[in-house]
Amino acid sequence: MFEHQDSLKSLRKFDLNLLTVFEAVYYYKSVSKAADILGMTSPAVSQSIQRLRQYFPDPLFIRYGKGISATVFADSMHENIKGSLSGIIDIFADKGDSIRNLVIWSDPHLAQVLIPDICSHLMSLPKLKCRIVHNLLPEDAVGVEHALLYHKTDIIFDIAPIFNSAIESELIFREKIVAVCGKDHPRLKDSLSANSLKDERCITIMKDRKKINEFKSKIDVLLGKRVISFASPSSLIALSVIEKTNDVGFFPESMYEKFKNIYNLKRLECDVDLGSYEVYMSYSKKALQDKALLELVERVRETFVMNNKSVHP
DNA sequence: TCTAGTCTTGTGCCGTCGGT
DNA sequence: ACCGACGGCACAAGACTAGA
């Protein structure tokens, strides 16, 4: 049972507006001034205080000269409610602009391209009070769609668009796929052909995603059936394995550029076009009323779409 | 003692809510 | 959808107090 259930039930009968009247009268120590501030007449304020008196064994305010004086009971009541009331006032004053989590779902390799720029931009806006939370994209496509519809996430970056009338999916950039191996590979120098790949072992990214599987099939067609020596859902682990073995892998160009020096990698030019993939930004159309999300969407458009900026330096 | 300022009380109107 | 009950508000008038 909810611990405040009984208290909430009795509160239903209590007019919480009486507390705002109480606070105004307490602050100004004047019924007429409080009425002015609250946009009421002084009789209405006086009557509100009368109603409040029915709930407490104390008159709360006593006429003192031309004004009124708060009783000690009113003093302690004020101490008890001022914090809660200012919390409520903050919520309404901010109209939802208080610090909130802006949740982004994406695969790690897209996150490393997009999120650093998003973070640095949003954090440079002092008026925007939000914190970025990144979560990994689940493999289940329906779960991804529902996450947006049910506001479990604010924005999704993925290699596939979402087809739903309530969701906007924008193409933000295309990225090339490149063949990669260790810098000191004993056989492969600077290029890779179907013939040279026959003698090599390959690393593959193990994800049950339609687009990724399509890409793997395309590589098979272009370069022949490969021998897979290692599989992982993590591109970073795959790159680190390439560093210590003589294996070959296929990665997004931005990822190669970012980690080539860290993992001692080199790019192999292919005599066939390995193609590219698209990156989409998806969000709920209704959620765009949110200033933080709108700022994020516009920043992504500005940086990756409008300027057609390269995703790697 | 009068006046001005403030609070309280009485009354009627109007909007909302709950029951039918 | 209608109707009665209820609550909140404004207005008017009275009560109270300080200061001139």
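Reckoned from all heavy atoms, side chains included, excluding hydrogens, waters and symmetry mates. Quick caveat, the model's predicted, so the values are computed rather than measured. Just so it is clear: chains get the letters A, B, ... in the order the sequence lines come, proteins before strands, and each one is counted from 1.
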Only residue of A/His109, A/Gln112, A/Met255 satisfying side chain to side chain contact (heavy atoms under 4.5 Å, CB included) with A/Leu236 is A/Met255
Could you tell me the separation between the [atom1] atom of [X] and the [atom2] atom of [N], rounded to a whole number of Å?
X	N	atom1	atom2	result
A/Gln50	B/dT11	CD	P	16 Å
A/Phe61	B/dT8	CZ	P	10 Å
A/Leu52	B/dC7	CG	P	16 Å
A/Lys29	B/dC7	NZ	P	13 Å
A/Ile68	C/dA18	CD1	P	15 Å
A/Lys33	B/dT6	NZ	P	10 Å

May I ask you to verify if any side-chain N or O of A/Ser32 is less than 4.0 angstrom from the OP1 or OP2 atom of B/dC7?
yes
Looking only at side-chain atoms of A/Ser46, point me to the closest of B/dT6, B/dT9, C/dC9.
B/dT9
Considering only heavy side-chain atoms of A/Ala44, the closest of C/dC11, B/dC7, C/dA10 is C/dA10
Between B/dG10 and A/Gln47, counting only base atoms on the nucleotide and side-chain atoms on the residue, is there a donor-acceptor pair under 3.5 Å?
yes
Between A/Ile242 and A/Gly182, what is the shortest heavy-atom contact and its length?
CG2-N, 3.7 Å
Between A/Val31 and A/Ser42, the two heavy atoms sitting closest are CG1-O, 3.4 Å
Within 45° cone of A/Tyr256 ring axis and under 6.0 Å: A/Lys258 NZ or CZ:
no
